[in-house]
Amino acid sequence: MIISASRRTDIPAFYADWFMNRVRAGFCMVRNPRNPKQTTWVSLGPADVDAVVFWSKNPEPMLRHLHELDTMRFHYYFLFTINDYPVSLEPHVPPLAGRLATFRDLAGRIGKGRVVWRYDPVILSACLDAASHRRAFDKIARSLEGYTQRVTISIVDLYSGTRRRLAAVERLTGDRFVRDPFSLPRLEDLVRGLSSIAADRGMDIQSCAEDDRLSRFGINPGKCVDDGLVSSECGITVSSAKDRGQREKCGCVRSRDIGANDSCVHGCEYCYATSSMERAVATYNAHDPEAEFLAG
């Protein structure tokens, strides 16, 4: 079993102590995000966990626990999201320089093959045009050269909640977001530019939850929860069966997510797992690191 920690919230940034307490206990409890009354017991025993996939924008609080995970013989890797967005979109994400330093520190500790850079999602607007994305991507890629082997990108999916929050950002900032990025004639130039930059920095570039529309620009569909990466970096074989609980275009293999929606307090306006910052803050403030559940 692969543990996903987590698509729903940033466990390394905000709930690292809870995660380690549950690892020591050997299990955690998880609520069904669609039916909170339905709960599941999930083993976190080393014998039952093939690998842990950490998703984070700031895994620095997790670094102090890595030695213990290694001692317990856990296999794991990190999906580390780094964009260079304004505070209007990412109000509580640490400064870019600090995140880049954390990325390099983490890769130095566990190896560049076990830290995947996610430039995700690509949001286009009057201010965040193709040229600004190329500059930001190149700046980050230069800083991470030699510290990762892979970068993953996706084009933003505008769910109803995302549309509502971005509309509020528009009213506040005067910016105008592109609702259908694939309709832009210059999207091809942008995607080909990102692919070229990644190749120049020795990084394989893949897409996340996209169809073959990016393949013709040189970026093939990838897997974030990746059986191939687990095999190459952890030396174990896991099932290659697709996770049917994810979006149709998602290529990830099966995993068990132990996070909770409405619990991440980065406050990113495009987030699909946070319906309300007020709910997320309330969940975070009520969180008990000794509890079996992350939330509630």
Side-chain angles (χ1 to χ4, degrees), residues 1-12 33-34 42 49-57 59 75-83 111-123 137 141 144 148-159 162 180-182 187-188 190-192 194-195 197-199 202-259 261 268 270-273:
M1 176 177 61
I2 296 175
I3 295 295
S4 173
S6 155
R7 288 182 175 90
R8 300 170 186 162
T9 191
D10 196 327
I11 287 178
R34 295 186 178 88
V42 178
V49 176
D50 294 311
V52 180
V53 179
F54 291 110
W55 309 65
S56 187
K57 289 179 180 289
H75 301 292
Y76 58 89
Y77 67 88
F78 283 78
L79 302 170
F80 194 152
T81 300
I82 300 183
N83 301 97
K112 64 182 181 180
R114 292 166 63 193
V115 191
V116 176
W117 171 30
R118 287 173 59 87
Y119 189 80
D120 170 73
V122 175
I123 301 173
F137 189 88
L144 300 183
T148 188
Q149 296 174 338
R150 180 188 299 181
V151 57
T152 301
I153 72 165
S154 73
I155 309 301
V156 66
D157 289 315
L158 294 178
Y159 300 103
T162 306
D180 182 13
F182 282 97
L187 181 65
E188 177 176 353
L190 169 60
V191 174
R192 289 192 185 279
L194 301 187
S195 179
I197 292 169
M203 302 174 189
D204 177 42
I205 188 166
Q206 299 181 354
S207 66
C208 167
E210 301 285 358
D211 55 24
D212 59 4
R213 288 183 293 182
L214 294 186
S215 298
R216 65 180 186 269
F217 305 149
I219 300 181
N220 292 321
K223 304 176 184 180
C224 296
V225 180
D226 186 352
D227 56 309
L229 194 154
V230 172
S231 175
S232 63
E233 295 299 326
C234 303
I236 59 173
T237 301
V238 295
S239 172
S240 61
K242 174 179 165 54
D243 190 337
R244 299 190 180 277
Q246 303 304 319
R247 292 169 289 175
E248 179 183 353
K249 299 173 186 176
C250 176
C252 290
V253 302
R254 287 194 300 241
S255 65
R256 168 70 71 175
D257 200 295
I258 61 170
N261 290 342
C268 301
Y270 50 80
C271 181
Y272 63 84

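Side chains are part of it too, since the values below use all heavy atoms of this structure and drop only hydrogens, waters and symmetry mates.
Inter-residue side-chain proximity for S255 and D243 is flagged as met; some heavy-atom pair is nearer than 4.5 Å. Between L144 and V115 the shortest side-chain heavy-atom distance does not fall below 4.5 Å. Side-chain atoms of V156 and L158, non-hydrogen and from C-beta on, do get closer than 4.5 Å to each other. No side-chain heavy atom of F80 sits under 4.5 Å from any side-chain heavy atom of T148. Taking 4.5 Å as the limit, some side-chain heavy atom of V225 sits within range of a side-chain heavy atom of W55. In this structure the side chain of F217 never reaches within 4.5 angstrom of the side chain of S195, judged on heavy atoms. The shortest distance between side-chain heavy atoms of V116 and T152 falls below 4.5 Å. Contact check for V230 versus V253: no side-chain heavy atoms found under the 4.5 Å cut-off.
For residues 221-235, every residue pair satisfying the salt bridge (charged side-chain N to carboxylate O under 4.0 Å, His left out) rule, not counting sequence neighbours, is listed here: R150-D226, K223-D227.
Few gaps surround CZ on R192; more than 12 heavy atoms of other groups in view lie less than 6.0 Å from it. Enclosure of atom CZ in R216 by more than 12 non-hydrogen atoms of other residues, nucleotides or ligands within 6.0 angstrom is indicated.
Panel note: side chain D50, backbone M1; a donor-acceptor pair is recorded below 3.5 Å. In this structure a side-chain-to-backbone donor-acceptor pair under 3.5 Å is missing from D157 to Y159.
The ring pair (Phe, Tyr, Trp, His ring centres under 6.0 Å) search around F78 returns F54, not counting sequence neighbours.
Taking SG from C250 and NZ from K242, the interatomic distance works out to 5.0 Å, rounded to the nearest 0.5 Å. Note: Y119 OH to T81 OG1 = 12.0 Å, rounded to the nearest 0.5 Å. Within the model, atoms SG of C224 and CD of Q206 stand 8.0 Å from one another, a figure rounded to the nearest 0.5 Å. The distance from the CG atom of L190 to the CD1 atom of I153 is 7.0 Å, given to the nearest 0.5 Å. Between the OG atom of S6 and the CG atom of D257 there is a distance of 3.5 Å, given to the nearest 0.5 Å. The distance from atom CZ of R114 to atom OG of S232, rounded to the nearest 0.5 Å, is 11.0 Å.
Contact detail for P33 and N261: the closest heavy-atom pair is CB-ND2, 3.6 Å. Considering every non-hydrogen atom in both S207 and I219, the closest pair reads N-CG2, 3.6 Å. I205 and G218 make their closest contact through CG2-O, 4.4 Å (heavy atoms, listed as atom of the first residue, atom of the second, distance). Here the shortest heavy-atom pairing between R7 and C252 reads NH2-SG, 3.1 Å. Closest non-hydrogen pair, D120 versus Y270, comes out as O-OH, 4.4 Å. Heavy atoms only, all atoms of each residue included: N83 and K57 are closest at OD1-NZ, 4.2 Å.
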Pair V53, Y77 - check side-chain contact (heavy atoms from CB on, under 4.5 Å), show working. CA-CA 5 Å; V53 179; Y77 67 88; 3.6 Å; yes
I3 and V42: side-chain contact (heavy atoms from CB on, under 4.5 Å), yes or no, with the steps? CA-CA 9 Å; I3 295 295; V42 178; 3.9 Å; yes
